[in-house]
Structures are given as C-alpha cells and as structure tokens.
J.: 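Can you read through this structure? Questions will come right after.
Each chain gets a letter, A, B and so on, in the order the sequences are listed, and its residues count up from 1.
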2 protein chains.
Amino acid sequence: MKNKDTYIEVGQIDPLEIMDKFGLLCTVDCVIFGYNQESLNVLTIECTTKPYVDKLSLLGDVLYREETTNEAAKRILRERAGLQNIYMEDVGVFSDIDRHPLSRVITVGYYSLVQIEDFAIVDAQNRHLTWIDVATIEEMAYDHKKILDSALIKLKKTIRQQPIGFKLLPEKFTLNQLQSFYEVVLGIKFDKRNFRRKLKSLDVLTDLGEIQDEVSHRPAKLYSFDSTAYEKRKANGGVNFTV
Amino acid sequence: MKNKDTYIEVGQIDPLEIMDKFGLLCTVDCVIFGYNQESLNVLTIECTTKPYVDKLSLLGDVLYREETTNEAAKRILRERAGLQNIYMEDVGVFSDIDRHPLSRVITVGYYSLVQIEDFAIVDAQNRHLTWIDVATIEEMAYDHKKILDSALIKLKKTIRQQPIGFKLLPEKFTLNQLQSFYEVVLGIKFDKRNFRRKLKSLDVLTDLGEIQDEVSHRPAKLYSFDSTAYEKRKANGGVNFTV
DNA sequence: CCAAAAGTGTTCTGCGTACACCCATGG
DNA sequence: CCATGGGTGTACGCAGAACACTTTTGG
C-alpha cells in the first residue's frame, strides 16, 4: 500500500491553520415540488448574484454552525416558504469547484412535496417567488438545474416504492386524482382498472363513504390515506408501489 | 409567507465575514468493503484523535479547496489504500453538530468494493490498518458506525439492482462462489437452482470452458463477467438483479 | 467406495398487463 | 336525452419460489 508523507488528518494540526487552508461554506438548497392537478411544479426565486441575476434559483441558505443540514432544510422551508412538517428527502452533495462564483461553496440538496392549493405564496421579499412547471425549465442559476434533475430522478424512484404520492393530494381524493398524479410525475399512463386493483390491494386507502359534489357528471367516491395501515405494512416487510 | 429580516444569502455580504461566521470543514470518509469468500469486511484504521484514540475509524481526509468530494474520495483510495479505478458510490452527508470533537466538521461518505486477495495491506504509517468483519463491529470513532451502517444499507439495495457483485470476486469464479457472495452480503440464503437459472438468464456470464483444479471433489465450471453484455443490457432498459 | 461439492427440471402461484362496456349525475 | 367522467372483470404470460436426486472428482 502506498503512503504519503504529506498526509493531513483533521485534528492533527492547529484548528486555525486548517480552517484557513480548508475551510469552506456549505449551503442547503431545497427543491420544493408542488402539484396542482395538472402539472408538477417547483418553487423558484429570482437570483440576485452575478452572473446569474434574474435566473431561476432554488430556495437555499448557508448552513449555520449550530444546525445539521436537515435542520437547515427545515429552517429554509419554514422561514422562507412558511412550510412546516412536510415530507423532505436528501438528494445528495453537489461540490463542483466553480459552482458558486464568489467562493468555494458546496451544497446539500433536499426535496419536498406540497399541494399548491394548500400554500398561498406571499412574496414578502419581492423576490418573485414563483411556481414553474418542471417540464418547461431549461436553465437555472448555479448548478440548480442539476440539483433539480437529481431531485426529480429520486422523486420518481421513491414514488414507486413508497406512497408519498398522498402528500401531494388533498386529504380527500378520488382514485382518478391519485392516478393522474402518478401519471404527471412519472410521465407515463396507467390502465385505470389495473391501477385501481393495485392500489386497493395495498390496503392503505380508506373509503370515506362520501362522494364529490358540484361536478356535472357522476360523482366519484372519496378516499383518504390510512397511514397507520401503511406503517403496519411497512413494518411487515415494505410496500411495493409499482403501478 | 413569512419573511425574515436577518435573512442572509451567500454572496450578498462580505465573503470574509461570511467565512468567519459560517465557514466549516468538510471531510470525505470511505467505507472500503472487502470480501474474502467468507465474510464481508471493512478496512479500518486506529483513530488518533481524542476522545476516540484506538477506536476503529474509516479512511478519510479533509476535502481540499480544489477538488470535488468525488475527487477527494478517489484521492483517499489511491493515496491511502493504493486502490485505483474501483467501484465507488456516494452514501450521503453526515452533519451532526458534535460529530467531530475539535471543530464543526461535516463529512460525505463513500463506499467501495474490493476483493481482499487483490489488495495487500502495507501499513506504512503503522496505523494498524485492518480488515474487520462488518458483522462483528459494534463501535467506531466519531459517527463512523453510522456511516458504515448507511453504506451497508445502500450496498444491499444496490447489489440487488446492479451486478456489482462481480467486483468483489476473482476474475474467474464459480457459480457457487457468486451465490455465496450474495448470501454473505445480504445475509440470506438462496435456492441453488433458482439462483443459477436467474443468473444465466441475465446473459452477463461467460462460460470460460475451464474448471477448478486442486479441489478434492468434483471441480466447478469457471465463469467470468461479460461487461459489454451487461452494458448493452443496461442500455436496453436496465437489469433486475433480484435473486 | 466414501466424502464433498457440482450440477440439473418441473410444478405452482401471484402479479403485471391487455382489453371494452355500463353507470350516475348535471344540464 | 346527452355529455362527461366514474366505475367494473377476465384471460394470458412471465417470473419467483419450492422442492430432491444424480454426477464427478480426490482420497
């Protein structure tokens, strides 16, 4: 095995010296997906840093010394989008050397899921906070497009294995709404009968015994997600959500 | 939406000031898995930092300013274990506030796979570099046990979807060796006939027309991994490696 | 000829997939 | 009564899972 005399390990040299040499900034960027019964969107803000002024950017902030990246992501969601207790998953580290124009900044990506209707945007900072259909986004500030793409890949993978889809629907929903959610996010069509059989066989839906009203056609039954049944199922060996 | 007057964005205030306030260290830690036909092991080193002196630690180093975390992981594998061009996958960020005793240090985990026979340990630093059976590890320095556990979970998941198992076997191997590798890593037993049928149906094995010698029983046929066939297969919609 | 590991086929079951028509409501 | 979306059942094919005996070699 090779050795290296210049080998440095954190803690073996003066902390001040090492910070001076290797200290860097870490940020957290949040991909906030919003679904509106038609399209999958992402919450964006206009960037104010050269050379990306006016380009679309994700909501992000620097990681504080006294918080984990998870806590930072929660803080960003809460302070900058008014979102609390929502689904959140790690997308990974992005550490390209020149990803930030002003200094060495690595970032940790997270993604979340919300229903757009539940979430009234108040653009207090006048920063042009906007939902953009992910299908139309071609370019973003920094490497945020790359983060978005990774988040989308992870969302698609996860959605097939866990019923997180319910997080993007109203509490009471119809089976067609559920199906159309999967179709929009995954970009594929499902057979109605097969979709329903599969979902019902999972035993995580509660038939509320209610129906839609104010629709000019046969009203659909309303369902809700039975999270205790799901947790039980998960404990007994997992959910296979392939549809 | 809530606003926050104290909101800070990287690039909007003096870079020196922000480094002073939010600068931190980032390290990369490598979980190097080694398989020896019997058990799954991980390469460890004795830690020299209080309060973890003599505890087991992963190979890691601080992230340099001019490299990505991927590059740092490659450097660690090369300089400290003599490993080059080996399989490597990201495990994620570990950012607990007190995970390092001397300062705020976040780390990015990676894992790799090697065959122990191919890799002669030269412990030039006299740091007690050792292969340890992962099944016997209960405690490690820092949060390295947590990183190891995450790496193991990811390895198990990945091994079922991609034929990375071949990276942990000699170039020529028998089907029983391959099966036993899967059994050791996943901790479950497979039916011999089903395993063989499944593997052969994947079309990624080359029958070398050779057999074992110097065994005191019927010699087994030797196979190698046909990586071009695998790449073709992957391109045409992926491999399902469930066994 | 014995020990030890190599090698081999069939059946059953469950799941994904393809496919077409009637139903309930509002206007 | 018509337009609109809601709702239902059957048949086929593939893949995973269960299961036991014969073969080849060295000692």
J.: In this structure, how many angstroms lie between the C1' atom of C/dA6 and the CG atom of B/Leu199, rounded?
T.: 16 Å

J.: In whole angstroms, how far is the P atom of C/dA6 from the CG atom of B/Leu178?
T.: 13 Å

J.: Provide the full list of salt bridge (Lys or Arg N to Asp or Glu O under 4.0 Å) pairs with a residue in residues 161-171 of chain A, sequence neighbours left out, each pair given once.
T.: none

J.: In whole angstrom, what separates B/Gln179's CD from C/dA5's C1'?
T.: 12 Å

J.: Are B/Lys198 and D/dG16 close enough that a side-chain N or O sits under 4.0 Å from OP1 or OP2?
T.: yes

J.: Please determine whether a side-chain nitrogen or oxygen atom of A/Lys200 lies at a distance below 4.0 Å from atom OP1 or OP2 of D/dT8.
T.: yes

J.: Roughly how many Å is it from CG in B/Leu175 to P in C/dG7, rounded to a whole number?
T.: 7 Å

J.: B/Ile211 has an atom CD1; how far is it from atom P of D/dG26, in whole Å?
T.: 8 Å

J.: Quick one: OG1 on B/Thr44 to CG on B/Leu148, what's the gap to the nearest 0.5 Å?
T.: 10.0 Å

J.: Give me the distances for all protein-to-nucleotides 2-6 of chain D N/O pairs that come in under 3.5 Å?
T.:
residue: D/dG6; atom: OP1; partner: A/Asn176; partner atom: ND2; Å: 2.8
residue: D/dG6; atom: OP2; partner: A/Asn176; partner atom: ND2; Å: 2.3
residue: D/dG6; atom: O5'; partner: A/Asn176; partner atom: ND2; Å: 3.4

J.: Relative to each other, are the rings of B/Phe181 and B/Tyr35 parallel, tilted or perpendicular (30° and 60° limits)?
T.: perpendicular

J.: Indicate, yes or no, whether a donor-acceptor pair under 3.5 Å links the base of C/dA6 to the side chain of B/Arg193.
T.: no

J.: Hunt down any stem DNA chain C takes part in, defined as 3 or more consecutive Watson-Crick or G-U pairs whose two distances are each under 3.5 Å.
T.: C:1-27 with D:1-27

J.: Measure the spacing between CG of B/Asn176 and CD of B/Glu183 and express it to the nearest 0.5 Å.
T.: 9.0 Å

J.: Do B/Lys55 and B/Tyr142 come within less than 4.5 Å of each other through their side chains, counting heavy atoms only?
T.: no

J.: Could you tell me how far apart B/Arg197 (CZ) and C/dT11 (P) are, to the nearest whole angstrom?
T.: 12 Å

J.: To the nearest 0.5 Å, what is the distance between CG (B/Leu202) and OH (B/Tyr230)?
T.: 10.5 Å

J.: First locate atom CG of A/Asp226, then atom OG of A/Ser224, and finally report the distance between them rounded to the nearest 0.5 Å.
T.: 7.0 Å

J.: Whole Å only: how far is the CD atom of B/Glu214 from the C1' atom of D/dG26?
T.: 12 Å

J.: How long is the gap from CD1 on A/Ile159 to CG on A/Leu113, to the nearest 0.5 Å?
T.: 7.5 Å

J.: Let me know the distance between CG of B/Asp207 and P of C/dA6, rounded to the nearest Å.
T.: 15 Å

J.: Could you label the plane-to-plane angle of the B/Tyr182 and B/Phe190 rings as parallel, tilted or perpendicular, counting under 30° as parallel and over 60° as perpendicular?
T.: perpendicular

